[in-house]
Amino acid sequence: MDLLADLNPQQRIAIQHGRGPALVLAGAGSGKTRVITYRIAHLIRNGACRPEHILAVTFTNKAAGEMRERVQALMGLSRTSEPLISTFHSFCVRLLRREIHRLGYRNDFSIYDTDDQRRLLKQILKDKGRNDKELSPREVLGRISFAKNHNVGPGQFAAQFPSPSAEDIGELYELYDARLRRGNALDFDDILLKAVALLDRFQEQRDYYSDWYRYILVDEYQDTNRPQYDLLRLLTSRHQNLFVVGDEDQSIYKFRGADIQNILRFEQDFPGARVIKLEQNYRSTQNILKLATSVVENNTERKGKVLWTENHAGDVITCRRSATARSEAAWVSRCIRDFLDEEPDYRIAILYRANFLSRNFEEALINGSIAYCVVGSVAFFGRMEIKDLLAYLRIIFNPEDDIALLRIINTPPRGIGATTIDSLTRQALEKGVPLLQLVREASSDATLGGRACNALRRFLELIDGWQARRDNATIGELLGSVAESIEYKKMLEKDETAEEAANRMENIEELIRAADESQDKGETVFEFLDRASLSSELDTLDPNARVSLMTLHSAKGLEFDVVFLAGLEEGLFPHSQSSNSAADLEEERRLCYVGITRARRKLFLTWTPFRRNFGPSSDSASMRSRFLDEMPPELLDEWSEGRDYADDDEEDPFAVVEDKEEKPVWKPSAGAAPAPQPKSIAELRAYLKQVQPAAKSGDAAHGATRSLKSGMRVRHAQFGDGIILSRQKVGNDFKLIVTFSRVGRKTLIERYAKLEAL
DNA sequence: GATTTACGCCTTTTT
DNA sequence: GGCGTAAATC
């Protein structure tokens, strides 16, 4: 296969770039991922280095997975080694699992997610006798994270970020860091910081890793923050072979510390850098592209690219003002129904600024019996039951992990109450020893009441039992034993409905299977736990779903035939909390740009003056988003409810119209059990799962292909007929090795391959 | 120590 | 309106 054949001249230059730094400014839909993957393949083919000396970094697991997939497809799988394609965080965790002992941590450290962080901080506030009224844990954690992302330690906090509460926060920051360290734990920010510190302080390691990774490629460079930038500098200090791809117009993570200056300043930071602009868009119609450009041109913080396309003009963009949020959703749902009827292969997305907007759309889609997939609802590893069991696993393997211990010490309730726990944590803090050790002392020394003491002793026996077995039993066996011994099922059935409990038990079985598979692949417990910690909500995206719902942030990097961009109202988009400065507004505008450019063929913009927030019929009506007014009127086809689709009477377009077919009736589809009126989004989804099993995200959605087994005969759209040699679970996917009679042996990912069983 | 009720806050967003 | 935490009660 000729790698250069299907590339345009700029792409070709990028791919053939030799040594030294390079910046590829890649507009939306200009073949960014293709450039990275082809370049990796090109480096390997031309013998620039062996595959394992190439490191490609992305931000999400999903992006990394896709890239890995595409590189494998380009290279075939006969290779003995592979390039490392990884997220920043998982790369750093990998490094730290080998090296962090040099920084005084043990290599079996725990990773604290946002929930663990919150628990820890609440603990600290409590120990200090502070109520968290004026300083909420959320706020404090946000400021700490901000400081960490700017390489500001606790000592410098107050001086660097002066504010009325700066002293307080600096102090909390210091305590927080101390407690993390004592718990042998890192938070998400630490993962990057410690990796940077390690490479910075230990020249031998820095030389080793920068020699090993001779070519480094970075995707979405505009979203890098300071520690990520530092990491790249350290890793490329000797060879300068840094190849970054990004688009300053799609920089949307400033709030997480991303520094758009990293991309704007690249040429100063890396003198002699080659700069390549990719300006041809292969994705969208001319009109969609023009609209996107007209919005983002209002920004000043950009290098300026002129995107163009050979695609046809396409339709003008429909902009619809709905009477209410509910009728907005109903209208979108009806449009989607029409699209699905006419174009069953279309991939459609509803994009919005904030997650809570999904609810109306979910209801409307269910009403219309349309299967959909919500990205970023509750991720598998974020579920309560999974986190509970993993906390047991953490305490078994890292006995210093106080937060894990606190999570499960009385879950399920075993008679270790708040007073006992308080007393133990206070003593642990005074002595500076892990909580588990205090539990041990207290359970033998009967200073506490007899009942609590017994409960502690029984708990400790369980933990000791598992710790004794931990090196002989498999992780799956341990987890199974935990779930069994603590009678988790009983607890679930006590506080929840039978279905919810059954659902959670299924998840636990899934977790045990995942643990077994992980171990079969030769992974350590920590690799398994790391994957759980680092897997994100985005990973719930189901590429087979025809209708996807997600936030604009989650949508970056994806594309759809039809996009509905909903909730274009002042205060919501741009969000009121991000409208304080010109820079904030520019970021919101970039977000709008990202949303528009997800669309291949059709784009719909919707807004409503009456979106009921919470509370009693709040305030005044919303105004349409300023972004709509930045768009050229000739590109927009504007409608107001009452004069369009529903074919209502023509009346005052600004009157509030109660849409007839949009009464809050819950219509179950035929044959289903009597439908409850769901009270919460969780119930709604649970109900959906019953009614439309095919619409569920995750495994069930692959129902059609799930039955594939090795030995089966299958048909592939391009490769023709073949036989499955092996089928192996890799992450959430299945990797298939298939021998095709026409093209020989291929490795495929089941989700993408769309194999037809014969 | 566990269960029930009430109150307050939330809804911005990769790992 | 819904959810989680905190007080109030069993």
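Below, each value reflects all heavy atoms present in this structure, side chains not excepted, and no hydrogens, waters or symmetry copies. A note on names: the letters A, B, ... follow the listed sequences, proteins ahead of strands, and every chain is numbered from 1. Since this is a predicted model, take the numbers as computed values, not measurements.
Residue A:F59 has its side chain nearest to B:dT14 when only B:dT14, C:dT5, B:dT13 are considered. Picking from B:dA2, B:dT13, B:dT14 the nucleotide with the shortest atom distance to the side chain of A:H553 gives B:dT13. Here C:dT5 is the nucleotide among C:dT5, B:dT13, B:dT11 with the atom lying nearest to any side-chain atom of A:K122. Distance from the side chain of A:T60 is smallest to B:dT14 among B:dG1, B:dT14, C:dT5. Relative to the side chain of A:F356, the nucleotides B:dT14, B:dT11, C:dA6 differ in distance, and B:dT11 lies closest. Residue A:R138 places its side chain closer to B:dT11 than to any other of C:dT5, B:dT11, B:dG1.
Taking atom NE2 of A:H575 as the reference point, atom P of B:dC10 lies 11 Å away to the nearest angstrom. Remark: P of C:dG1 and CG of A:N355 are 21 Å apart, rounded to the nearest angstrom. Straight-line distance from the CG atom of A:L357 to the P atom of C:dG1: 18 Å, rounded to whole Å. Distance, A:F255 CZ to B:dT14 C1': 7 Å, rounded to whole Å. One interatomic measurement links the two molecules: CZ of A:R256 to P of B:dT13, which rounds to 12 Å at whole-angstrom precision. The separation between A:E588 atom CD and B:dT11 atom C1' is 13 Å, rounded to whole Å. If you measure from atom CZ of A:R414 to atom P of B:dG1, you get 14 Å, rounded to the nearest angstrom. To the nearest angstrom, P of B:dT14 lies 12 Å from CG of A:L552.
A:S90 comes within contact range of no nucleotide atom at all, as no heavy-atom separation falls under 4.0 Å.
For the pair A:F188 and A:A354, nearest-nucleotide mapping onto DNA chain B gives the more 5' position to A:A354. Residues A:G417 and A:L572 each lie close to DNA chain B; by heavy-atom proximity, the contact nearer the 5' end of the strand is made by A:G417.
Panel note: side chain A:D116, backbone A:D113; a donor-acceptor pair is recorded below 3.5 Å. Judged by distance alone, the side chain of A:T608 and the main-chain N or O of A:R611 form no donor-acceptor pair under 3.5 Å.
Distance noted for atom C1' between B:dT14 and C:dC3: 25 Å (whole Å).
Partners of A:Y253 according to the ring pair (Phe, Tyr, Trp, His ring centres under 6.0 Å) rule, which considers only residues two or more places apart in sequence or in another chain, are A:F255, A:H553. Every residue two or more places apart in sequence or in another chain was checked for a ring pair (Phe, Tyr, Trp, His ring centres under 6.0 Å) with A:Y352, and none qualifies.
Phosphate proximity of C:dG4 to A:R119: absent, as no side-chain N or O sits under 4.0 Å from OP1 or OP2. Taking only side-chain nitrogens and oxygens, A:N410 comes nearer than 4.0 Å to OP1 or OP2 of B:dA2. For the pair A:T87 and B:dT14, the criterion of a side-chain N or O lying under 4.0 Å from OP1 or OP2 is not met. Close to B:dG1, at under 4.0 Å from its OP1 or OP2, lies a side-chain N or O of A:T420.
Stacking annotation: A:Y253 is not stacked on the base of B:dT13 (requires ring centroids less than 5.5 angstrom apart and an interplanar angle below 30 degrees).
Between A:Y221 and A:F59, the ring center distance fails the sub-6.0 Å criterion.
With A:R626 as the partner, the salt bridge (charged side-chain N to carboxylate O under 4.0 Å, His left out) test is satisfied by one option alone out of A:E569, A:E588, A:E570: A:E570.
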